[in-house]
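Okay, structure first, notes after.
All values below come from the heavy atoms of this structure, side chains included, with hydrogens, waters and symmetry mates left out. Along the sequence shown, the residues carry numbers beginning at 1.
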Amino acid sequence: MAYQLRRPPRVPLEWGADWAYAIGLIATDGCLIGDGRHIAFVTEDEDLMQIWLTCVGHLDRYRRSISSAGAPVYRVTISDARLYRWLVALGLTPRKSLTLSGMPVPSEQFAHFARGLLDGDGSIYITRHRPTKAKYPDYWYERLWTFFTSASRAHIDWLRTRITDEYGLVGWLEITRRPHRHEFYRLKYGKRESLTLLAALYADDDAPCLQRKKDKWLAYLGRSCAEGGT
C-alpha cells in the first residue's frame, strides 16, 4: 500500500479570465509573505474569498475573525511556491501597498484584471441627486461613479493609462493627504465614462465577479433603459 497525498490539481499558470481576476484581487487584498512561498488573502466578503480560492485552484480552509470595527473578516494563507514565483515575475512583492506599479496584463485579459481590482479595493457608487429641491421637489436623477483606490501613485497612474489605452476613457485622480501617513489615491470615473467602463468589465456573463457589485450595475442599467424607453 502506498500513501497518496491529497492535493488540488495543479492549475496551469497562464493568463485567462480566472487568473486575471484573481491577480487583480491579489494586487488589492492579497499579500506575498516574505518566505518565498506563502500568499495571504484577506477580505470582508465571504463570497469573494470563495471565488478567489476557486480561481487559484486551492481548497484551503479560511478563518473568520472580527475586525476592530465589529465587521467579519475572512483570511487564508496558501502555500504555493510556483504561484509565488509567477506573481513576483508579474511585479508583485511583499509589502506591495506602496511599491505596486504596472503589471504585464495582456489586453484581452485586462477587463478581468480590472474587475478584480474593482471587487477588491474599488466601488460602484450610485446615489439620487435632487439639484433643485426647493423649486422642483419631485425632480431627481441618479448619479453613477466608479472608483479604484490605492496607496501607490505609480499603480494608480498605470491603471489610468491602461484604461485610457483600452477604452479611451480619461477619468480623474483625487489625492487625500493624511497627517503622518502616506497619501491615498482614488481614480474616479463619472456617469458617462462609467457606462462604457462597466459595460466592458461585465461583458462576459460567465467570468468570475462579486455578484452583488454586478447586480448593482445591472439594476442601474435596467433603470436607465426603462427611463429611456428602451
Open item on the list: Between Cys31 and Lys96, does the side-chain contact (heavy atoms from CB on, under 4.5 Å) criterion hold? Intermediate values first, please.
Closed with: CA-CA 7 Å; Cys31 175; Lys96 61 168 174 53; 5.6 Å; no
- [ ] Answer yes or no: is there a side-chain heavy-atom contact under 4.5 Å between Phe113 and Leu25?
- [x] no
Open item on the list: With a 4.5 Å cut-off on side-chain heavy atoms, are Ile163 and Phe148 touching?
Closed with: yes
Open item on the list: Less than 6.0 angstrom from the centroid, inside 45 degrees of the normal: does Lys191 satisfy that with respect to the ring of Trp145?
Closed with: no
Open item on the list: I'd like to check Ile175 versus Phe184 (side-chain heavy atoms, cut-off strictly below 4.5 Å). Are they in contact?
Closed with: no
Open item on the list: Pair Thr93, Val88 - check side-chain contact (heavy atoms from CB on, under 4.5 Å), show working.
Closed with: CA-CA 6 Å; Thr93 62; Val88 170; 5.6 Å; no
- [ ] Return the set of residues passing salt bridge (charged side-chain N to carboxylate O under 4.0 Å, His left out) with Lys214 (not counting sequence neighbours), or none when no residue passes.
- [x] Asp205
Open item on the list: Under 3.5 Å, is there a donor on one side chain and an acceptor on the other for Asp157 and Tyr185?
Closed with: no
Task: Rounded distance [0.5 Å steps], CG in Leu83 versus CD1 in Ile78 - done: 5.5 Å
- [ ] Could you pull out the closest heavy-atom pair between Val56 and Ala22, with the gap in Å?
- [x] CG1-CB, 3.8 Å
Task: Donor-acceptor contact below 3.5 Å, side chain Ser152 vs main chain Leu100 - done: yes
Open item on the list: What I'd like to find out is whether the side chain of Tyr202 reaches to under 4.5 Å of the side chain of Leu221, using heavy atoms alone.
Closed with: no
Open item on the list: Closer than 4.0 angstrom, basic N to acidic O: yes or no for Glu183 and Arg153?
Closed with: no
- [ ] Write down the atom of Thr164, the atom of Leu169, and the distance for their closest heavy-atom approach.
- [x] OG1-O, 2.6 Å
- [ ] Would you give the length of the straight line joining atom CD of Glu174 to atom CH2 of Trp172, rounded to the nearest 0.5 angstrom?
- [x] 7.5 Å
- [ ] Would you give the length of the straight line joining atom OG1 of Thr149 to atom CD1 of Ile156, rounded to the nearest 0.5 angstrom?
- [x] 6.5 Å
TODO: Before giving the answer on side-chain contact (heavy atoms from CB on, under 4.5 Å), spell out for Asp121 and Ser150 the whole-Å C-alpha distance, their side-chain angles and the decisive distance to 0.1 Å.
DONE: CA-CA 8 Å; Asp121 279 345; Ser150 178; over 6 Å; no
- [ ] Considering non-hydrogen atoms only, spot the tightest contact between Val73 and Ser67 and give its length.
- [x] CG2-CB, 3.6 Å
Task: Nearest-0.5 Å distance that lies between atom OG1 in Thr196 and atom OH in Tyr167 - done: 10.5 Å
Open item on the list: Would you say that Leu90 contacts Ile23 through its side chain, given a criterion of any heavy-atom pair below 4.5 Å between the two side chains?
Closed with: yes
Task: Residues in side chain to side chain donor-acceptor pair (under 3.5 Å) contact with Asp204, at least two apart in sequence or another chain - done: none
Task: Side-chain donor or acceptor of Asp29 paired with backbone N/O of Thr43 under 3.5 Å - done: no
TODO: Sort and list the pairs that fulfil salt bridge (charged side-chain N to carboxylate O under 4.0 Å, His left out) and have at least one residue in residues 32-51, not counting sequence neighbours.
DONE: Asp45-Arg212
- [ ] Quick one: pull up CG in Leu187 and CZ in Phe147 and give me the separation to the nearest 0.5 Å.
- [x] 10.0 Å
TODO: Indicate the atoms forming the closest heavy-atom contact of Gly122 with Lys213, along with that distance.
DONE: O-NZ, 2.7 Å
- [ ] Kindly indicate whether the side chain of Lys188, heavy atoms from C-beta on, has any atom under 4.5 Å from the side chain of Leu173.
- [x] no
Task: Heavy-atom closest contact (Trp217 atom, Ala199 atom, distance) - done: CZ2-N, 3.8 Å
Open item on the list: For residues Tyr189 and Leu218: do they belong to one hydrophobic cluster (side chain heavy atoms under 4.5 Å, members Ile, Leu, Val, Met, Phe, Trp, Tyr)?
Closed with: yes
Just distance, no hydrogens or angles: give the donor-acceptor pairs under 3.5 Å from side chains in residues 101-112, sequence neighbours left out.
{"unit_1": "Ser107", "atom_1": "OG", "unit_2": "Glu166", "atom_2": "OE1", "d": "2.8"}
{"unit_1": "Ser107", "atom_1": "OG", "unit_2": "Glu166", "atom_2": "OE2", "d": "3.1"}
{"unit_1": "Gln109", "atom_1": "OE1", "unit_2": "Ala17", "atom_2": "N", "d": "3.4"}
{"unit_1": "His112", "atom_1": "ND1", "unit_2": "Arg115", "atom_2": "NH1", "d": "3.4"}
{"unit_1": "His112", "atom_1": "ND1", "unit_2": "Arg115", "atom_2": "NH2", "d": "2.9"}

- [ ] Answer whether the closest heavy-atom distance between the side chains of Arg160 and Val170 falls below 4.5 Å.
- [x] yes
TODO: Mind jotting down which residue pairs meet the ring-ring contact (aromatic ring centres under 6.0 Å, His included) criterion with at least one end in residues 24-50? Sequence neighbours excluded, please.
DONE: Phe41-Trp52
Open item on the list: With rounding to the nearest 0.5 angstrom, report the CG to CG distance, Leu87 to Leu92.
Closed with: 5.5 Å
Task: Hydrophobic cluster identity match, Tyr21 and Val42, side-chain contacts under 4.5 Å - done: no
Task: Asp80/His58 under side-chain contact (heavy atoms from CB on, under 4.5 Å): CA gap, chis, key distance, verdict - done: CA-CA 9 Å; Asp80 192 326; His58 277 262; 3.0 Å; yes
TODO: List the atom of Ile124, the atom of Leu198, and the distance in Å for their closest heavy-atom pair.
DONE: CD1-CD2, 4.0 Å
Open item on the list: Run the side chain to side chain donor-acceptor pair (under 3.5 Å) test against Thr146 and tell me which residues pass, sequence neighbours left out.
Closed with: Ser194
- [ ] Would you check if there is a donor-acceptor pair between the side chains of Tyr62 and Gln50 at a distance under 3.5 Å?
- [x] yes
